[in-house]
Number of protein chains: 2
Amino acid sequence: MKMTPMIETFVMHFGEMGSRWGFNRTVGQMYALLVITKDPISANQIAEALSISRGNVSMGLKELQSWQLIQMHHKPGDRKEYFQTNGSIWDMANRVFEERRKREMDPTLSLLRDILLDTPANAEEQHAQEKLKEVHDLLEGITKWSSELQRLSPEKLDTLMKLGSGVGKVLDMKDKLLKRSNE
Amino acid sequence: MKMTPMIETFVMHFGEMGSRWGFNRTVGQMYALLVITKDPISANQIAEALSISRGNVSMGLKELQSWQLIQMHHKPGDRKEYFQTNGSIWDMANRVFEERRKREMDPTLSLLRDILLDTPANAEEQHAQEKLKEVHDLLEGITKWSSELQRLSPEKLDTLMKLGSGVGKVLDMKDKLLKRSNE
DNA sequence: CTAAAGTTTCAGTAATTATTGAAACTTTAG
DNA sequence: CTAAAGTTTCAATAATTACTGAAACTTTAG
């Protein structure tokens with residue numbers, strides 16, 4: 001597995017970005033390689049293409065599987081395992097959002113819920129709790145909203161995206177419609 | 001500056017989460033402290049409350065300022081600088097999203113644009129480019145969509161959020177409305 | 001059952017990132 | 001202008017995180 005310069009550029013960049021996206025450099029490289037490679041490839045091919053150790057590849061594949069970003073394959077008459085990305089680019093984005101929400105918001109949300117059950121001991125804690133309530137409501141709002149979005153069909157999502165700032169107009173229309181139906 | 005146990009719990013948790021949110025532990029702690037503290041506090045008070053070095057606080061404040069999350073204040077007759085969070089919790093969320101978009105998507109988007117200008121050298125690169133196009137379109141979609149959302153008034157955003165799965169229905173209404181106005 | 005082909009684990013080490021604290025710098029009251 | 005009060009910088013070091021590769025494990029063909 002030799003990468004062409006174009007492919008190498010992309011793979012290495014994805015590696016650099018990896019850490020910002022929630023996984024480490026080699027996991028980012030591995031995923032990039034799998035995204036642009038048409039046919040499933042083996043762990044050894046990955047190790048060779050990226051010049052990293054076989055052990056590291058094994059751990060990376062485990063990580064990518066835990067994100068549900070890749071799939072394992074078996075070729076008939078071959079004992080090796082072959083890997084491939086799982087689903088469309090949209091599915092990938094959904095999984096990444098979902099996973100990050102789990103890691104970045106859920107633990108905080110749960111802690112905030114606990115703290116908000118306590119009775120504030122003094123004026124200082126009273127003020128603190130009010131702020132925490134705001135943070136809590138924000139996180140809860142984002143969480144609910146994002147799970148609603150994931151429930152929408154891809155077509156509706158696409159419409160919504162294309163609507164852009166037009167969303168404002170649609171909201172106005174909604175108010176008018178409701179009013180009309182109440183009359 | 002002594003923190004009560006409740007406040008300490010929150011501050012330390014925010015520190016742990018900090019790295020997942022794009023800044024480091026102490027920056028997370030510092031921000032949490034500023035969020036729940038009513039009156040502006042000095043760099044020294046922060047260092048004392050969190051038991052971290054004065055130098056570290058200085059760097060952290062710089063980082064928080066670069067995210068536009070805090071504001072500096074001067075008290076009359078006092079040479080010290082006092083700090084306070086900047087804007088509402090909503091403003092905070094907006095700034096964090098914006099900043100993360102800059103760090104996590106913009107560089108990739110720009111690289112992808114470049115690569116897509118190249119002519120594929122063979123079938124392998126041809127397939128790679130198709131995939132890259134998909135990734136590019138996804139990132140561009142998210143970028144545009146999120147900047148549209150930021151342009152909406154807070155009230156409309158709130159309506160949109162509360163709408164939840166109702167978004168689907170509103171989209172249906174939109175189609176009907178358009179049809180009606182065309183008749 | 002055995003050996004071969006493959007995968008995973010994990011202790012040790014390398015690489016990266018965060019933190020300290022002393023020195024350099026800046027600002028202002030007098 | 002000077003000294004005092006404050007802030008920032010950055011080289012050294014600590015803490016964390018990622019990577020390697022050999023050993024342990026698993027699976028299957030024969």
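As a basis for the values below, the full set of heavy atoms in this structure was taken, side chains included, without hydrogen atoms, waters or symmetry mates. Below, read A as the first sequence line, B as the second, and so on, with proteins coming before strands; counting in each chain starts at 1.
Between B/Q29 atom CD and C/dA18 atom P the separation is 13 Å, expressed in whole Å. With rounding to whole Å, A/E81 atom CD is found 10 Å from C/dT8 atom C1'. Rounded to whole Å, atom P of C/dG6 lies 13 Å from atom NZ of A/K75. A straight line from CD of A/Q45 to P of C/dT7 spans 11 Å, rounded to a whole angstrom. Distance CD1 (B/I52) to P (D/dA14): 19 Å, rounded to an integer number of Å. Between B/L61 atom CG and D/dT9 atom P there is a gap of 12 Å when expressed in whole angstrom units. For the pair B/Y82 OH and D/dT7 P, the interatomic distance rounds to 9 Å; values are reported in whole Å. Across the protein-nucleic acid pair, A/H74 atom NE2 and D/dA29 atom P stand 12 Å apart, rounded to whole Å.
Here the CZ atom belonging to A/R113 is positioned 9.5 Å from the CG atom belonging to A/L139, to the nearest 0.5 angstrom.
Searching all strands for a Watson-Crick or G-U wobble partner of C/dA29 with both distances below 3.5 Å returns D/dT2. Remark: C/dT16 base-pairs with D/dA15; criterion is Watson-Crick or G-U wobble with both hydrogen-bond distances under 3.5 Å.
Residues B/L33 and B/I41 meet the side-chain proximity criterion, which asks for heavy atoms closer than 4.5 Å.
Taking the six-membered ring for Trp and thresholds of 30 and 60 degrees, B/Y31 and B/F14 have ring planes inclined between 30 and 60 degrees apart.
Nearer to the 5' terminus of DNA chain D, by closest-nucleotide assignment, is the contact made by B/N44 (compared with the other of B/M59 and B/N44). Each of A/N56 and A/K80 has a nearest nucleotide on DNA chain C; the 5'-most of these lies closest to A/K80.
Here D/dA4 is the nucleotide among D/dA29, D/dA4, D/dT7 with the atom lying nearest to any side-chain atom of B/R79. The side chain of A/R54 lies closest to C/dT8 when the candidates are C/dT8, C/dT20, C/dA5. For A/S53, taking side-chain heavy atoms from C-beta onward, the closest of the listed nucleotides D/dG21, C/dT27, C/dG6 is D/dG21. Among C/dC10, C/dA5, C/dT16, the nucleotide with an atom closest to any side-chain atom of A/R25 is C/dT16.
Each of A/L64, A/I36, A/V35 was scored for a side chain to side chain contact (heavy atoms under 4.5 Å, CB included) with A/T85, with one residue passing: A/V35.
Neither OP1 nor OP2 of C/dA18 sits under 4.0 Å from any side-chain N or O of B/T26. At the phosphate of C/dT19, OP1 or OP2 sits under 4.0 Å from a side-chain N or O atom of B/N24. Between B/K62 and D/dT7 there is no side-chain N or O to OP1 or OP2 distance below 4.0 Å.
A donor atom on one side chain and an acceptor atom on the other are found under 3.5 Å apart for A/E130 and A/Q126.
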